[in-house]
Amino acid sequence: MNATVTLNNGVVVPSLGFGVFQIPNEQTEAAVESALATGYRLIDTAAAYINEREVGTAIRRSGIDRSDIFIETKVWISDYGYDQTLHACDKGTRKLGLDQLDLLILHQPLPSQFDLTIDAYRALETLLADGRVRAIGVSNFMPEHLEQLLAETKVVPAVNQIELHPYFSQPELQALNAAHGIVTQAWSPLGGITFYRSGQGGSTLQDATIGEIAQEHRKTPAQVMLRWHLQEGRSAIPKSTKPERIAENFDVFDFELSEAELARIDGLNKGVRRGPEPAGITVEATGGRQIPEA
Ligand code: NDP
């Protein structure tokens with residue numbers, strides 16, 4: 001039985017979802033089908049992942065009632081601006097084959113052109129008012145981006161999806177999200193970014209403390225990390241292309257970490273970001289990627 005989080009507009013979301021970043025097109029349908037068959041009911045995709053079409057096909061093929069699946073996608077930065085973002089929503093919903101999105105978020109802040117980010121968010125507010133989306137939010141917003149957004153727009157984001165795993169848990173940002181009633185959603189919840197990209201700092205999957213706690217519970221390190229997110233009230237969206245791992249990552253509802261174990265995992269935070277630095281995001285720095293029409 002999945003846990004849920006309630007967004008600041010009353011919409012209820014399964015806490016544990018399935019992410020599809022870096023899943024090649026030809027594998028996306030099978031991966032999402034496998035996730036849905038396992039019991040996941042939250043799917044996180046993005047225009048920039050270029051696999052929304054396959055996600056939509058898998059959802060239709062599953063035979064599961066549309067209202068039982070929570071679908072989240074993201075507007076890419078090259079589509080920021082009021083009219084552009086309205087159009088980006090059209091592109092996304094058409095590719096997904098949906099009438100309404102459950103959650104639409106801005107993929108990144110665009111700090112050097114924050115006026116465009118604000119215009120994009122105002123488009124999300126319009127889409128929310130028009131019932132095209134059930135909730136709106138942001139991703140990779142650091143405190144300064146969040147504060148500026150809150151000062152200049154009306155609807156408080158429902159979600160801030162950020163890099164969050166035991167080696168980079170951003171406690172201050174989590175607290176700021178919570179203070180504003182914004183749900184923190186963890187990307188790379190298993191610390192994928194600590195092992196699928198080269199770089200210093202080690203892999204969360206190999207961490208001795210997490211390994212010890214896993215052994216004590218006869219669970220895997222991945223399961224312990226997911227349990228840590230859920231018990232601390234976050235949403236988490238692990239990705240895998242392998243059916244056995246998809247199942248493993250969902251099998252986290254039959255054990256509980258103690259307060260001391262949660263604190264030990266909190267203590268692993270190195271405070272070093274492994275993903276892109278949000279302050280430096282520009283359309284050019286991300287390769288000038290454009291999102292194709294539907
Ligand atoms: P995850 O923490 O989900 O890790 C994924 C990696 O872990 C993959 O290499 C996967 O390999 C492997 N893996 C999955 N399950 C297990 C397991 N049980 N044991 C061992 N290895 C495992 O990282 P992601 O970065 O993929 O993040 C998850 C989701 O977050 C993305 O799919 C996307 O939806 C979102 N995201 C959002 C970002 C943003 O900017 N907003 C940025 C990055 C991600 P394999 O597939 O081979 O199993």
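Along the sequence shown, the residues carry numbers beginning at 1. Counting starts at 1 for both ligands and their atoms, in listed order.
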> Of W187, Y196, F250, which has the heavy atom at the shortest distance from atom 30 (O) of ligand 1?
Replying inline: W187
>> Looking at non-hydrogen atoms alone, which of S139, S188, G19 comes nearest to atom 24 (P) of ligand 1?
In response: S188
> Which residue pairs pass the side-chain hydrogen bond (donor to acceptor under 3.5 Å, both in side chains) test when at least one of the two sits in residues 281-294, sequence neighbours left out?
Replying inline: H87-E293
> Which is closest to atom 5 (C) of ligand 1 by heavy-atom distance: M225, K239, E163?
Replying inline: K239
>> Can you name the atoms of ligand 1, numbered from 1 with element, that are less than 4.0 Å from a heavy atom of Q161?
In response: 35 (C), 36 (N), 37 (C), 38 (C), 39 (C), 41 (N)
>> Any nitrogen or oxygen of A222, side chain or backbone, less than 3.5 Å from one on ligand 1?
In response: no
> Mind checking whether F18 has a heavy atom under 4.0 Å from ligand 1?
Replying inline: no
>> Quick test of your reading of the model: are R234 and E232 salt-bridged, counting only N-O distances below 4.0 Å?
In response: yes
> Under the side-chain hydrogen bond (donor to acceptor under 3.5 Å, both in side chains) rule, what pairs show up with a residue in residues 26-37, not counting sequence neighbours?
Replying inline: E29-R61
>> With a cutoff of 4.0 Å, is T220 in contact with ligand 1, counting heavy atoms of the residue only?
In response: no
>> If we ignore hydrogens and angles and just use 3.5 Å, is the side chain of N140 paired with the main-chain N or O of P278 as donor and acceptor?
In response: no
>> I want to know if ligand 1 touches I193 in the polar sense, i.e. an N/O pair below 3.5 angstrom.
In response: no
> Heavy-atom distance under 4.5 Å between the side chains of Y121 and I136, does that happen here?
Replying inline: yes
